[in-house]
Amino acid sequence: MYEVETGNLLFAERRQEAAEVQPPEAALVEAACAGDCAAFERLYEMYAPLVHGVLLARVPYGEVADLVQDVFLTAFRKLSHLRDAARFGPWVAIIARNRAADFYRRARQTEELREELAGGAGREAEASEALEIIRSLPEAYRETLVLRLVEGMTGPEIAERTGLRPASVRVNLHRGMKLLRRRLGVKIGTV
Amino acid sequence: MSDYLWNKTGEPDAEAERLETLLGAFAHTPRPLELPAGAAAQEPRASARLPRLFAVAQRAGVPARFAASRFFAPATAACAALLLLAFVFAASAFLRARVAHEERRAASSDSPRRQNELQKQGGEQNGVASATQEPARHAPETATHGGGAKVEAGLVKDESVAVENLSNGSRQRRDLQLASLNKRRQRLAPVAPVGEGEGFTIEAMRARGAASSLVESTRLETKEQLIYALRLTGAKLRDVRLKAGQRN
């Protein structure tokens with residue numbers, strides 16, 4: 001009985017400590033809500049690569065820069081709706097995914113094709129092809145691989161920013177890379 | 001899986017390095033954030049709008065993402081209002097049921113036989129109440145059970161004056177007490193033999209139930225007699241004071 005009570009007390013203390021220790025972006029979110037634009041710009045610097053990677057996994061490269069601005073503008077306007085200030089990253093990633101879906105509802109198909117095939121150098125074409133193959137992968141692998149290979153984020157960073165568990169990110173990276181190698185090998189074989 | 005793909009440590013993966021170099025061209029290039037002039041002022045977060053409610057919710061263990069929701073305060077107010085309404089409704093339903101029960105009991109005692117018993121028992125009760133409460137003042141008038149007509153008339157005369165002096169509310173309460181007292185006396189009466197088809201009527205069941213609560217009935221009867229006697233005493237005292245005042 002004593003051990004159970006002690007265990008409950010310890011658990012309550014740990015939970016209280018976790019609640020008290022908040023990530024730095026929580027303070028920035030609170031400041032931004034109070035009207036501090038500099039705090040929001042700091043949030044933009046921290047999470048722009050994440051949003052860029054999420055959008056790049058879905059929309060043509062030429063549209064990504066504008067959509068990143070659009071996503072952060074939306075986030076700025078709706079920041080008061082964020083329930084948990086510590087979860088700004090996952091929240092802004094959701095906005096980015098929704099914005100990418102909206103893009104395809106409004107954009108015409110021909111514009112996308114033109115963007116993807118642009119560029120003459122062999123290296124750029126090879127990079128475009130690799131990106132296209134990554135985009136053809138399942139959604140869970142696609143986003144994780146773009147964040148790792150394009151934006152240069154590590155696995156732990158991806159887990160922290162997207163709100164996924166590290167084990168999930170590790171599995172996605174491993175399986176995504178395996179599938180990517182197979183498809184790249186097939187592509188090279190056909191060429 | 002190689003650690004290099006996970007956190008860029010350990011032996012480098014050639015394929016991964018090649019892809020990093022190739023795809024790095026698509027990486028995000030820092031660009032200043034362009035907020036439009038006069039961007040909408042932020043609506044304050046729930047934790048700032050209602051800090052006390054937020055603090056109480058946090059202490060109660062409500063998760064922050066629920067407590068900080070803009071719907072938390074209205075939802076809390078709605079729950080409190082619903083609870084209050086439910087309590088008021090339950091209380092009124094209980095009181096209504098009680099009043100209806102009392103009315104039914106009063107209505108069920110309106111048969112002619114019961115009315116005769118009421119009159120007899122009402123006379124007995126007056127004598128008993130006077131005897132228990134005012135032995136000193138009414139020594140010559142103290143009536144034993146079944147006393148003389150003269151004494152009874154005197155008691156009746158005094159009582160009628162006292163009754164007239166009593167306020168309407170007191171009179172109504174006295175009538176109700178008399179009626180309930182008589183009903184309890186009926187319950188003490190032996191249960192009539194149950195005829196065919198009468199064994200399971202509601203009245204028969206109630207009568208049987210009443211017979212089993214003899215002690216409780218007696219206690220309540222005594223209490224009501226005492227209350228009535230006290231009221232009667234008060235009314236008589238007022239009467240005496242009025243007369244004394246008139247003489248002076």
Side-chain angles (χ1 to χ4, degrees), chain A residues 12 15 19 29-30 32-35 37 40-41 44-45 48-53 56 61 64-65 68-69 72-73 76-87 123-124 126-128 130-131 134 145-146 148-152 154-157 166 169-171 173-174 177-178 180-181 184, chain B residues 1-10 12-51 54-55 57-73 75:
Chain A
R15 195 167 60 180
V29 167
E30 298 286 348
C33 276
C37 290
F40 191 78
E41 282 172 10
Y44 167 74
E45 286 166 20
L50 169 70
V51 171
H52 189 272
L56 188 63
Y61 176 66
V64 172
V68 167
Q69 295 282 319
F72 276 95
L73 185 61
F76 180 71
R77 286 191 180 133
K78 293 189 176 178
L79 200 55
S80 60
H81 298 178
L82 175 59
R83 293 176 193 178
D84 187 357
R87 295 188 62 81
R123 199 165 172 80
E124 281 181 12
E126 193 183 349
S128 294
L131 186 61
I134 291 175
L145 282 175
V146 166
R148 172 64 184 87
L149 299 174
V150 178
E151 304 297 337
T154 61
E157 283 174 352
V169 173
R170 197 171 180 118
V171 164
L173 277 176
H174 171 68
M177 195 65 190
K178 194 173 169 184
L180 179 62
R181 281 194 180 111
L184 279 171
Chain B
M1 178 179 145
S2 68
D3 284 337
Y4 182 79
L5 188 62
W6 171 242
N7 55 9
K8 297 183 184 178
T9 59
D13 184 339
E15 186 69 28
E17 273 187 322
R18 190 183 76 84
L19 286 167
E20 277 179 323
T21 313
L22 196 63
L23 295 168
F26 292 113
H28 167 68
T29 47
R31 173 176 146 180
L33 181 62
E34 296 158 8
L35 289 173
Q42 287 304 305
E43 183 187 323
R45 288 168 58 77
S47 54
R49 260 182 288 137
L50 297 164
F54 186 73
Q58 290 265 280
R59 260 184 254 128
V62 176
R65 61 194 190 95
F66 293 123
S69 165
R70 60 192 166 136
F71 298 116
F72 181 72

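A quick note: this is a predicted structure, and the numbers were derived from the prediction, not measured. Here is how names work: the chains are called A, B, and so on, in the same order as the sequence lines, proteins then strands, and each is numbered from 1. We use all heavy atoms of the structure for the numbers below, so side chains are in, but hydrogens, waters and symmetry mates are not.
- Between B/His28 and A/His52, the ring planes are tilted. Angles from 30° to 60° get that label.
- Note that CE of A/Met177 is 5.5 Å distant from CG of B/Asp13, once rounded to the nearest 0.5 Å.
- The parts of B/Thr21 that come within reach of chain A are both its backbone and its side chain, each placing non-hydrogen atoms under 4.5 angstrom from that chain.
- Taking each heavy atom of B/Leu22 and A/Ala130 in turn, the nearest pair found is CD2-CB, 4.3 Å.
- Rounding to the nearest 0.5 Å gives a distance of 12.0 Å between OG1 of A/Thr154 and CG of B/Asp3.
- For a residue to count as touching a neighbouring chain, one of its non-hydrogen atoms must lie under 4.5 Å from one of that chain's; by this rule A/Ile134 touches chain B with the side chain only.
- Side-chain atoms of B/Lys8 come within 3.5 Å of backbone N or O of A/Gly152 as a donor-acceptor pair.
- The most heavy-atom pairs under 4.5 Å with chain B, out of A/Pro156, A/Ala48, A/Ala65, come from A/Pro156.
- Between A/Tyr44 and B/Pro32, every side-chain heavy-atom pair lies at or beyond the 4.5 Å cut-off.
- For the options A/Glu151, A/Gln69, A/Glu41, heavy-atom pairs under 4.5 Å to chain B are most numerous at A/Gln69.
- To the nearest 0.5 Å, the span separating CG on B/Leu33 from CZ on A/Phe40 amounts to 6.0 Å.
- Between B/Leu19 and A/Leu180 the shortest side-chain heavy-atom distance falls below 4.5 Å.
- How far CG of A/Leu145 is from CG of B/Leu23: 9.5 Å, rounded to the nearest 0.5 Å.
- The main-chain N or O of B/Trp6 is never found under 3.5 Å from a side-chain atom of A/Arg170 such that the two would form a donor-acceptor pair.
- Taking the centre and axis of the six-membered ring of A/Phe72, the NZ or CZ atom of B/Arg31 falls outside the cone set by 45° and 6.0 Å.
- Taking both residues in full, the closest heavy atoms of A/Leu184 and B/Glu15 are given as CD1-OE2, 3.8 Å, listed atom of the first, atom of the second, then distance.
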